[in-house]
Amino acid sequence: MFVSPIPFIYAYAKEAARQNAAQWPILSRITWRTHGDVDDPMNELVCRVQMTIARTHPSGPRFAATQIRARLYMTGPDGDEVSDASDALVQAINKSWRSGMTTSEGWATHLEWTQLPTPETDMGTTADYINMVSALQVTARKDG
């Protein structure tokens, strides 16, 4: 069955955080978005989940699996909190993947971190808040 890329990666990251909040309590404080608002990072800890590339997996029947590359942007008014939340989210997603976590949008058969949490300095970042970005690639499947 077809895996819709944005709903998959959004649900996967949120569910990993929810399932692992007991081990990393900061994960329960994240506000989730698929797009940002300029005022978000000034008020709360926010994770924007954005897909950068999606394509069908080259092996097997078309649409049997989807390869997704995504970025996780963590922002907030407290730089230490943003850094801690970014690190915790990477660990939570990795732990959930290893345990075979399934969401309503499917599951990941392959997961690779292509960028661990790194401060991002671009035109959208000011001295008032910190923006940490991490990136991953997953191969996702869904029962039909």
Side-chain angles (χ1 to χ4, degrees), residues 1-58 63-144:
M1 176 177 222
F2 176 71
V3 175
S4 186
I6 293 173
F8 171 82
I9 199 64
Y10 185 75
Y12 202 80
K14 277 183 71 173
E15 182 62 15
R18 188 193 68 76
Q19 287 186 9
N20 292 284
Q23 184 171 357
W24 295 286
I26 196 166
L27 296 174
S28 65
R29 298 190 47 228
I30 296 172
T31 299
W32 296 91
R33 304 258 194 269
T34 56
H35 62 283
D37 182 285
V38 70
D39 295 324
D40 280 348
M42 301 306 293
N43 302 312
E44 55 194 354
L45 180 64
V46 177
C47 183
R48 287 180 291 130
V49 180
Q50 297 183 334
M51 186 214 45
T52 57
I53 297 173
R55 64 182 185 176
T56 59
H57 196 279
F63 296 114
T66 302
Q67 289 182 320
I68 302 164
R69 290 185 188 168
R71 286 186 161 191
L72 307 174
Y73 295 90
M74 194 76 68
T75 58
D78 182 325
D80 291 337
E81 183 178 73
V82 170
S83 181
D84 291 347
S86 295
D87 290 344
L89 184 57
V90 166
Q91 293 175 82
I93 291 172
N94 199 59
K95 181 180 177 185
S96 292
W97 170 68
R98 289 188 176 279
S99 71
M101 180 183 72
T102 298
T103 73
S104 61
E105 297 297 328
W107 68 93
T109 57
H110 173 80
L111 186 141
E112 175 185 353
W113 288 98
T114 56
Q115 180 179 326
L116 293 175
T118 305
E120 183 178 70
T121 53
D122 64 5
M123 295 305 290
T125 304
T126 71
D128 297 333
Y129 68 91
I130 186 168
N131 193 29
M132 297 286 284
V133 64
S134 53
L136 70 158
Q137 177 172 301
V138 298
T139 301
R141 298 182 183 275
K142 188 174 184 180
D143 283 330

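Residues take their numbers from the sequence shown, with the count starting at 1. Computed from a predicted model, the values in this text were never measured in an experiment.
Shortest non-hydrogen contact noted between Met74 and Leu89 is CE-CD2, 3.9 Å. Between Thr66 and Pro5, the closest heavy-atom pair is CG2-CG, 4.3 Å. Across every non-hydrogen atom of Ala13 and Val49, the tightest pair is CB-CG2, 4.3 Å. Pro117 approaches Ser134 most closely through the heavy-atom pair N-CB, 3.8 Å. Among all heavy-atom pairs drawn from Thr103 and Glu15, the shortest one is CG2-CB, 3.9 Å.
Note that OG1 of Thr118 is 6.5 Å distant from CE of Met132, once rounded to the nearest 0.5 Å. Rounded to the nearest 0.5 Å, atoms CG (Asn20) and OG (Ser99) are 7.5 Å apart. For the atom pair CG (Leu72) and CD1 (Ile9), the distance works out to 6.5 Å, reported to the nearest 0.5 Å. Rounding to the nearest 0.5 Å places CD1 of Ile30 at 11.5 Å from CD of Glu44. From Arg55, atom CZ reaches atom CD1 of Ile68 across 12.0 Å, with rounding to the nearest 0.5 Å. Between atom CD1 of residue Ile6 and atom CE of residue Met51 there is a gap of 4.5 Å, rounded to the nearest 0.5 Å.
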Show me, pair by pair, the donor-acceptor contacts under 3.5 angstrom made by side chains of residues 104-114, not counting sequence neighbours?
| from | atom 1 | to | atom 2 | distance (Å) |
| --- | --- | --- | --- | --- |
| Thr109 | OG1 | Thr139 | O | 3.3 |
| Thr114 | OG1 | Ala135 | O | 3.4 |

Q) Where do Asn94 and Ser96 land on the side chain to side chain contact (heavy atoms under 4.5 Å, CB included) test, with the steps shown first? A) CA-CA 5 Å; Asn94 199 59; Ser96 292; over 6 Å; no
Q: Please test Trp32 against Val46 for side chain to side chain contact (heavy atoms under 4.5 Å, CB included), starting from the C-alpha separation and ending with a verdict.
A: CA-CA 6 Å; Trp32 296 91; Val46 177; over 6 Å; no
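Ser83 places no side-chain N or O within donor-acceptor distance of the main-chain N or O of Gly79, the cut-off being under 3.5 Å.
For the 3.5 Å distance criterion, the side chains of Arg69 and Gln137 qualify, holding a donor opposite an acceptor. If you check the side chains of Gln23 and Lys95, you find a donor sitting under 3.5 Å from an acceptor.
Applying the side-chain contact (heavy atoms from CB on, under 4.5 Å) rule to Glu81 yields the partners Ile26, Arg29, Leu45, Asp78; only residues at least two apart in sequence or on another chain are considered.
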